[in-house]
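In what follows, every heavy atom counts, from backbone to side chain, and hydrogens, waters and symmetry copies are set aside.
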Amino acid sequence: MSLTLRSENACFGGRMSFHAHASRETGTEMRFAVFTPSQAGPNRKVPALYYLAGLTCTEETFVIKAGAQRLAAELGLMLVACDTSPRGLNLPGDSDAWDFGVGAGFYLDATQAPWATNYRMGSYVNLELPALIEANFPAATDRRGIFGHSMGGHGALVTALRNPDRWRSVSAFAPISNPVAVPWGEKAFGNYLGTDRTSWEAYDASVLMRAKAHPCEVLVDQGLADQFLEKQLQPEALEAAAKASGQKLKLRRHEGYDHSYWFIQSFVADHLRHHAALLG
Ligand SMILES: N[C@@H](CCC(=O)N[C@@H](CSC=O)C(=O)NCC(=O)O)C(=O)O
């Protein structure tokens, strides 16, 4: 798997780099960003924390807007941020709306035409990207964490709940907690997965968490002034699921915070510490 280095800069004693590669899963070029802390080296592998961004975002959004590198450098955490969908395919309808298609891959493997061939962000995030990172960067193979925002919060929860052996820690900012029951999820899952709603449940964090708890405590932050809270996010579904399965869930609600990266920037340190404590 060959990687193209797009840019590299010194950052808090480590390196901030941007890369591209030909993806097996999506059949397109995919881009990602990596913060490598100074503690990492050829003989010293560090834990890697993967970030999944929300609708309309790219691999740049988190690393530019969240302000996570200073603490990641202190904690010795590698940060990896990928894009939110394949790009450049020009499939019919892939760019008609900001909540579906390009920039809106929903971190699942589509089963329906014309999406099934390329919209394989589920396997990309769970398998292809970690294999690529671990082959090309000093990332430990047994200490992966995952977090994300909104659509990416859904992606992080679902990826970890479906693959607890691969993802030791998980957290989310304002996740789409019960996508089978909200308009963003109904639109995406209907198109990517088809009309059989039971097939959608394999990608719903609340359904998955209700069936089986992740071994580690899950941290979720939610702003109470979030413009998408009532219609799209439904954290109470996750809370009920955790109660049913005995999942340890720390769900924190914050007065006055909206859905923006100002909210993420305000609480990102707690998420990095949550992961660092679990990843060692
Ligand atoms: N363009 C949209 C707003 C899109 C938006 O708010 N995207 C969020 C994620 S929403 C769920 O996944 C985001 O993270 N945006 C990037 C940012 O920098 O804020 C509209 O017109 O409303």
Side-chain angles (χ1 to χ4, degrees), residues 1-4 17-36 45-54 57-59 62 77-87 89 103-112 115-148 151-172 175 179 188-189 192-193 199-205 208-209 211-212 214-216 218 275 278-279:
M1 286 188 277
S2 82
L3 276 185
T4 303
S17 56
F18 292 83
H19 306 264
H21 71 112
S23 167
R24 177 190 70 231
E25 293 294 349
T26 70
T28 62
E29 178 189 90
M30 290 296 289
R31 293 181 172 188
F32 63 88
V34 180
F35 171 71
T36 307
K45 300 204 171 187
V46 294
L49 178 55
Y50 292 71
Y51 180 83
L52 306 184
C57 294
T58 72
E59 76 285 358
F62 173 78
L77 270 181
M78 182 178 289
L79 300 174
V80 181
C82 64
D83 205 350
T84 51
S85 76
R87 291 179 195 268
L89 293 162
F106 272 81
Y107 305 106
L108 51 73
D109 291 344
T111 57
Q112 303 299 299
W115 314 103
T117 308
N118 310 97
Y119 276 67
R120 295 186 50 79
M121 291 299 291
S123 291
Y124 179 73
V125 164
N126 186 46
L127 297 171
E128 184 175 8
L129 184 60
L132 188 72
I133 294 294
E134 288 155 19
N136 290 280
F137 297 84
T141 55
D142 58 348
R143 287 179 292 157
R144 290 181 210 112
I146 190 161
F147 68 150
M151 173 183 75
H154 137 78
L157 292 169
V158 160
T159 301
L161 287 163
R162 285 167 60 102
N163 306 282
D165 49 326
R166 291 182 57 74
W167 301 95
R168 221 198 257 189
S169 59
V170 58
S171 71
F189 288 11
Y192 293 139
L193 301 174
S199 72
W200 302 3
E201 295 181 355
Y203 291 106
D204 184 290
L208 293 168
M209 190 181 276
K212 191 165 190 279
H214 189 275
C216 290
V218 176
H275 289 273
L278 292 168
L279 296 174

Original post:
What's the verdict on side-chain contact (heavy atoms from CB on, under 4.5 Å) for M78 and V34, showing C-alpha distance, side-chain angles and the deciding distance?
Top reply: CA-CA 7 Å; M78 182 178 289; V34 180; 3.8 Å; yes

**OP:** Please confirm whether the backbone N or O of T58 pairs with a side-chain atom of R31, one donor and one acceptor, at under 3.5 Å?
**Re:** no

Original post:
Which is it for I133 and Y50 under the side-chain contact (heavy atoms from CB on, under 4.5 Å) test, yes or no, and what are the steps along the way?
Top reply: CA-CA 10 Å; I133 294 294; Y50 292 71; 3.4 Å; yes

Subject >> L132 side, atom CG; S2 side, atom OG - distance, nearest 0.5 Å >> reply: 9.0 Å

Original post:
Listed by chain and number, what are the ring-ring contact (aromatic ring centres under 6.0 Å, His included) partners of Y119, not counting sequence neighbours?
Top reply: W115, Y192

Original post:
Is the distance between the ring centroids of F147 and F62 less than 6.0 Å?
Top reply: yes

Original post:
Looking at OG1 of T26 and CE of M121, how far apart are the two atoms once the value is rounded to the nearest 0.5 Å?
Top reply: 7.5 Å

Original post:
For the side chain of D109 and the backbone of G122, is there at least one donor-acceptor N/O pair under 3.5 Å apart?
Top reply: yes

**OP:** Grab the two heavy atoms, one from A205 and one from L157, that are nearest each other, plus how far apart they are.
**Re:** CB-CB, 3.8 Å

Original post:
Does the E128 side chain pair with the main chain of R24, one donor and one acceptor, at a distance under 3.5 Å?
Top reply: yes

Subject >> Pairwise distance CG(L89) to OG1(T28) - rounded to 0.5 angstrom >> reply: 6.0 Å

**OP:** First locate atom CG of L79, then atom CG of L49, and finally report the distance between them rounded to the nearest 0.5 Å.
**Re:** 6.0 Å

Original post:
Below 6.0 angstrom between ring centroids: does that apply to H154 and F106?
Top reply: yes

**OP:** Please examine the side chains of M209 and V218, heavy atoms only from C-beta on, and report whether any two atoms are closer than 4.5 Å.
**Re:** yes

Original post:
Measuring from D204:CG to L108:CG, what's the distance to the nearest 0.5 Å?
Top reply: 11.5 Å

**OP:** For W167, enumerate each residue passing the side-chain hydrogen bond (donor to acceptor under 3.5 Å, both in side chains) test, keeping only those at least two apart in sequence or located in another chain.
**Re:** N126

**OP:** With rounding to the nearest 0.5 Å, note down the distance linking CG in L278 to CZ in R168.
**Re:** 8.5 Å

Original post:
How close do C57 and D83 get, heavy atom to heavy atom, and via which atoms?
Top reply: O-OD1, 3.5 Å

**OP:** Return the minimal non-hydrogen interatomic distance between S171 and H275, and the atom names on each side.
**Re:** OG-NE2, 2.8 Å

Subject >> Check: A53 main-chain N/O paired with T84 side-chain donor or acceptor under 3.5 Å >> reply: no

Original post:
Where is the tightest heavy-atom contact between A139 and K45, given as atom of each residue plus distance?
Top reply: O-CD, 3.6 Å

Original post:
Can you tell me if R144 uses its side chain to pair, donor with acceptor, with the backbone of R166 under 3.5 Å?
Top reply: yes

Original post:
According to the ring pair (Phe, Tyr, Trp, His ring centres under 6.0 Å) rule, which pairs have a member within residues 127-146, sequence neighbours left out?
Top reply: H19-F137

**OP:** Report yes if some heavy atom in the side chain of C216 is under 4.5 Å from a heavy atom in the side chain of S169; otherwise report no.
**Re:** no

**OP:** Measure across I146 and A156 and return the closest heavy-atom pair with its distance rounded to 0.1 Å.
**Re:** CG2-O, 3.7 Å

Subject >> Worked verdict on F32 versus L3 for side-chain contact (heavy atoms from CB on, under 4.5 Å) >> reply: CA-CA 10 Å; F32 63 88; L3 276 185; 3.7 Å; yes

**OP:** Keeping the roles fixed (side chain from R162, backbone from A202), state whether a donor-acceptor pair exists under 3.5 Å.
**Re:** yes

Subject >> P138 versus T36, closest heavy-atom pair with distance >> reply: CG-CG2, 4.2 Å

